[in-house]
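Convention: sequence-line order gives letters A, B, ...; per-chain numbering from 1. Just so it is clear, the values below take in all heavy atoms, side chains as well, and ignore hydrogens, waters and symmetry mates.
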Number of protein chains: 2
Amino acid sequence: MAGRKQNSTYTRNEVCIIDCDLTYAVHKLGGRWKLLILDKLCKKKMRFNEIKKEFSYISERMLTLQLRALEEDGLIIRTVFAEVPPRVEYELTEMAFELGPILKQLSDWGGKQRSSVKKD
Amino acid sequence: MAGRKQNSTYTRNEVCIIDCDLTYAVHKLGGRWKLLILDKLCKKKMRFNEIKKEFSYISERMLTLQLRALEEDGLIIRTVFAEVPPRVEYELTEMAFELGPILKQLSDWGGKQRSSVKKD
DNA sequence: TATGGTACTAACAAAAAAGTAACTAATGGC
DNA sequence: GCCATTAGTTACTTTTTTGTTAGTACCATA
């Protein structure tokens with residue numbers, strides 16, 4: 001998400017793992033709050049503080065980091081209005097909207113998996 | 001993946017994040033090597049060293065950890081044969097196979113996303 | 001002049017995940 | 001007795017990720 005060492009095994013492994021489209025995709029969605037943010041933005045465009053209020057425990061730093069990463073990956077668009085106090089709006093891109101149905105299936109699977117694990 | 005502190009914000013946040021079936025699911029698949037392992041096991045059951053050879057840079061420790069986590073989450077089955085030297089086989093569960101088509105879509109999306117980001 | 005609101009940033013600390021290296025048990029073959 | 005083999009384990013270090021706290025700019029309003 002931010003500056004990485006270039007020659008750690010961690011990074012070398014990542015390079016070859018990210019080669020796979022699937023792990024690449026999961027990596028892009030893997031930040032702690034990213035999917036939750038995408039889920040909120042699915043319904044409407046929102047301002048920074050609006051998003052923040054949705055998640056009681058997220059820190060401003062984390063929210064900023066996740067939003068920046070999503071923006072960099074072309075999943076959200078950030079629009080700054082030249083007002084005081086500042087107003088910044090976030091909304092999903094087409095690419096992010098396409099993810100919707102896939103995530104729905106994954107979510108359903110998650111529910112199923114969760115209950116099947118609980119049973120044993 | 002192993003013993004967590006109970007009262008860190010990290011853990012408190014996780015509790016509420018995991019409440020969502022989607023983030024729960026991604027969490028289960030989020031280990032560095034998990035999806036790659038599942039992908040290999042999709043084709044055939046494999047022994048520990050066989051899997052290891054598929055990934056030049058994975059350490060035995062990491063492979064063990066990821067396999068154990070997958071087993072615990074009901075995604076793979078581990079069968080130990082009482083032989084010397086030991087033989088252990090890993091194979092997917094039904095639950096894991098159901099994931100196949102979803103991951104395929106996610107992978108396609110990943111490919112698309114990757115090329116769209118590269119362009120800019 | 002002081003205060004408040006928005007959307008952050010910087011410096012730092014804590015926690016988790018991933019990686020390294022050395023070691024283990026059991027037994028068959030030399 | 002010594003070595004090789006398989007599937008690990010253990011203790012430790014490194015790297016990344018997440019969280020904490022305090023502070024910023026801008027102007028409007030009290």
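Close to D:dT9, at under 4.0 Å from its OP1 or OP2, lies a side-chain N or O of B:Arg68. At D:dG19, none of the side-chain N or O atoms of B:Arg12 fall inside 4.0 Å of OP1 or OP2 (strictly under the cut-off). For the OP1/OP2 pair of D:dG19 and a distance below 4.0 Å, the side-chain nitrogens and oxygens of B:Asn13 include at least one atom meeting the criterion. Between C:dA16 and B:Thr11, a contact under 4.0 Å exists linking OP1 or OP2 to a side-chain N or O. In terms of phosphate contacts, A:Arg78 brings no side-chain nitrogen or oxygen within less than 4.0 Å of OP1 or OP2 of C:dA7. Of the side-chain N and O atoms in A:Trp33, none sit less than 4.0 angstrom from OP1 or OP2 of D:dT17. OP1 or OP2 of C:dA18 sits under 4.0 Å from a side-chain N or O of B:Gln66. The phosphate of C:dT20 (OP1 or OP2) has a side-chain N or O of A:Thr9 nearer than 4.0 angstrom.
Note on the helix from C:dT1-D:dA30 to C:dC30-D:dG1: angle between the axes of the first and last five pairs equals 30°, rounded to 10 degrees.
Within residues 35-48 of chain A, the residues that have a heavy atom under 4.0 Å from DNA chain C are, in order of number, A:Arg47, A:Phe48. Within residues 54-61 of chain A, the residues that place at least one heavy atom under 4.0 Å from DNA chain C are, in residue-number order, A:Glu60, A:Arg61.
Within the 3.5 Å criterion, the main-chain N or O of B:Ile102 finds no donor-acceptor partner in the side chain of A:Gln105. Remark: side-chain polar atoms of B:Lys34 are paired, donor with acceptor, to backbone N or O of B:Lys28 under 3.5 angstrom. A donor-acceptor pair under 3.5 Å is absent between the side-chain atoms of A:Glu91 and the main chain of A:Ile77, judged by distance alone. At least one donor-acceptor pair under 3.5 Å links the side chain of B:Thr64 to the backbone N or O of B:Glu60.
Listed here is the closest heavy atom pair of A:Asp19 and B:Arg114: O-NH2, 3.3 Å. Considering all non-hydrogen atoms of both residues, B:Trp33 and B:Tyr57 come closest at CH2-C, 4.3 Å. Scanning all heavy atoms of the two residues, the minimum distance from A:Ala25 to B:Trp109 falls at CB-CE3, 4.0 Å. Residues A:Leu75 and A:Ala96 come closest through the heavy atom pair O-CB, 3.2 Å.
Judged by the 6.0 Å and 45° rule, A:Arg32 forms a cation-pi pair with B:Tyr10.
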- Task: For A:Glu71 and A:Tyr90, run side-chain hydrogen bond (donor to acceptor under 3.5 Å, both in side chains): C-alpha distance rounded to whole Å, both residues' side-chain angles, the deciding distance at 0.1 Å, then the answer.
- Result: CA-CA 9 Å; A:Glu71 190 193 1; A:Tyr90 294 92; over 6 Å; no

- Message: Go through it in stages, so that I can follow the logic: the residues are B:Asp108 and B:Lys104, the test is salt bridge (Lys or Arg N to Asp or Glu O under 4.0 Å), and I'd like the CA-CA distance, side-chain angles, deciding distance and then a yes or no.
- Response: CA-CA 6 Å; B:Asp108 291 347; B:Lys104 175 67 173 58; 3.0 Å; yes

- Item | Intermediate values then yes/no, side chain to side chain contact (heavy atoms under 4.5 Å, CB included), A:Glu72 and A:Arg68 | CA-CA 6 Å; A:Glu72 194 156 321; A:Arg68 288 291 189 282; 5.7 Å; no

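More than 12 heavy-atom neighbours from other residues, nucleotides or ligands sit within 6.0 angstrom of CZ on B:Phe97.
For the pair A:Tyr10 OH and C:dA18 C1', the interatomic distance rounds to 7 Å; values are reported in whole Å. Across the protein-nucleic acid pair, B:Met62 atom CE and D:dT13 atom P stand 16 Å apart, rounded to whole Å. What separates CD of A:Glu14 from C1' of D:dT15 is a distance of 11 Å, to the nearest Å. Regarding B:Phe81, its CZ atom lies at a distance of 17 Å from the C1' atom of D:dG8, rounded to whole Å. The CG atom of B:Leu67 sits 10 Å away from the P atom of D:dT9 (whole-angstrom rounding). Separating the CD atom of B:Glu83 from the P atom of D:dA7 is a distance of 10 Å, rounded to the nearest angstrom. Put simply, CG on A:Leu63 is 14 Å from C1' on C:dT9, counting in whole angstrom units. Rounded to a whole Å, the CG atom of B:Leu65 is 9 Å from the P atom of C:dA18.
Nearest nucleotide to the A:Pro86 side chain, out of C:dA7, C:dT9, C:dT27: C:dA7. Each of D:dT16, D:dG19, D:dG8 was ranked by its minimum atom distance to the side chain of B:Val88; first place goes to D:dG8.
Along DNA chain C, the nucleotide nearest to A:Tyr90 and the one nearest to B:Gly30 differ in position, and the one closer to the 5' end is contacted by A:Tyr90.
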